[in-house]
Amino acid sequence: MSHPQEPQRSFFHFGNPFRSPKGSHLPSGLLSLLDKFEKTLSERLQKLVPKDKSDILSLSWMKLAMESLSEIHRDIKNLITELEIPVTDWDEKWIDVYLDISVKLLDITIAFTSELTRLNQGHLLLQCVLHKLESNSSDQFLRAYSSLHSWREQIRSKNPRVETCRPVLDNLVESLDLPKVRNSAKGKVLMRAMYGAKVATTYICSVFAAAFSGSTDNLLDLSSTVPAILPWAQVFYNVQTTVNTEIKNIFSRGEFTVLRELLAVDNCANKLYPLLQDGFSPAQEESFKHSVSDLRKTAEKLSQGLDNLSKVVDDFFKIVLSGRDALLCNLRAGCASPNSVLGRNTDKQSVR
């Protein structure tokens, strides 16, 4: 990875809420809630290690990763409800942590949505290419060549929004340090659970940023920040090693993107490109038809994958935004109902 590694950090350098669940003096009920959360976190992370490594960074795998993030954030919401910590009892530092992280996640999710929209717009060019290829006219073939050339240029261009992800990721890494918790057993449980959620969120966001930017500069290695004593740590190490290794392997082959479906369409385009540019003989006609058919199939799979991924990214955005809005609303109203801490629905237009 070309980006300088972050200096090693100690776990909670300002004070570990507790060294391990078994070694703490937390009531059994709170330990049970924490164990449940961390066990579920391990299970959600484990799902991100596919049987076939070639599935990594397919759009379906990215959809699964983003769905996992949404589930983890819902788990935090449920934990807050079960802990029965009224918003009015939250330590000011806890609130600062939650609000600071949420705005960073909103920023980076907007960048991801921007890139998905840009890639999806390329589908219109591919549809134009395929429409022109239905004709036997050499003039239409030349027009198809021009549209295909435009598509290839578009998908290789840089998205300014994605290029700004690295500073946000660095801020998320810095925010992994959590406030010191004093005299609050429930607060210790909440902060430890939030640490696990933040590690998973920060890492997966870095994978998305690397995939969309076409650069390993955005790919994080959080091994030094995650202590091995945590019950989900080994699963996280495995996920990170497996995914990071595969991403670096793809880029080492000189590929312009790690998105599987996008590469598949580009490979089909590469086969058609010289045939459209230079023409083809009658003996190549059957090969040409197969190439057009392959382009149609891969383009449709890419479009469907982008649509599905866009939906789950949008869902994650709404979860983060609704939690932020609900917390602010409850603080203003002095509401003490834990059930409403992360409960309201909203949309991207609410962000200012």
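Throughout, residue positions are numbered sequentially from 1 according to the sequence presented. Bear in mind the structure is a predicted one, so any value in this text is a computation, not a measurement.
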N/O donor-acceptor pair under 3.5 Å between [X] side chain and [Y] backbone:
X	Y	result
N244	L220	yes
Q240	L222	yes
T245	T242	no
K158	S213	yes
R156	F256	no
E261	L59	yes
S157	Q154	yes
T81	K77	yes
S58	W61	yes
S147	A144	no

Measuring only between side-chain heavy atoms, which start at C-beta, is [X] closer than 4.5 Å to [Y]?
X	Y	answer
K36	E82	yes
L45	S68	no
D75	L41	no

Side-chain heavy atoms under 4.5 angstrom apart, residues restricted to Ile, Leu, Val, Met, Phe, Trp, Tyr: same cluster for [X] and [Y]?
X	Y	value
V103	V313	no
L119	L124	no
L142	L130	no

Plane angle bin for F236 and Y203 - parallel if under 30°, tilted between 30 and 60°, otherwise perpendicular: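 Judged by the thresholds at 30° and 60°, the geometry between Y203 and F236 is perpendicular.
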
D100: salt bridge (Lys or Arg N to Asp or Glu O under 4.0 Å) partners, not counting sequence neighbours: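 Counting only residues at least two positions away or on another chain, D100 forms a salt bridge (Lys or Arg N to Asp or Glu O under 4.0 Å) with K104.
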
Under the salt bridge (Lys or Arg N to Asp or Glu O under 4.0 Å) test, residues paired with K39 that sit two or more places apart: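 Checked K39 against salt bridge (Lys or Arg N to Asp or Glu O under 4.0 Å); zero matches.
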
Trace of the salt bridge (charged side-chain N to carboxylate O under 4.0 Å, His left out) decision for E43 with K47: CA-CA 7 Å; E43 293 170 352; K47 291 179 182 179; over 6 Å; no

Derivation of the side-chain contact (heavy atoms from CB on, under 4.5 Å) call for F212 and N218: CA-CA 10 Å; F212 289 148; N218 287 319; over 6 Å; no

V258, V243, V239 screened by side-chain contact (heavy atoms from CB on, under 4.5 Å) with V207, the one that passes: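 Per the side-chain contact (heavy atoms from CB on, under 4.5 Å) rule, the option paired with V207 is V243, out of V258, V243, V239.
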
Determine all donor-acceptor pairs shorter than 3.5 Å in which one atom belongs to a side chain in residues 288-300; sequence neighbours excluded.
residue : atom : partner : partner atom : Å
S291    : OG   : S287    : O            : 3.0
T298    : OG1  : D294    : O            : 2.9
T298    : OG1  : L295    : O            : 3.2

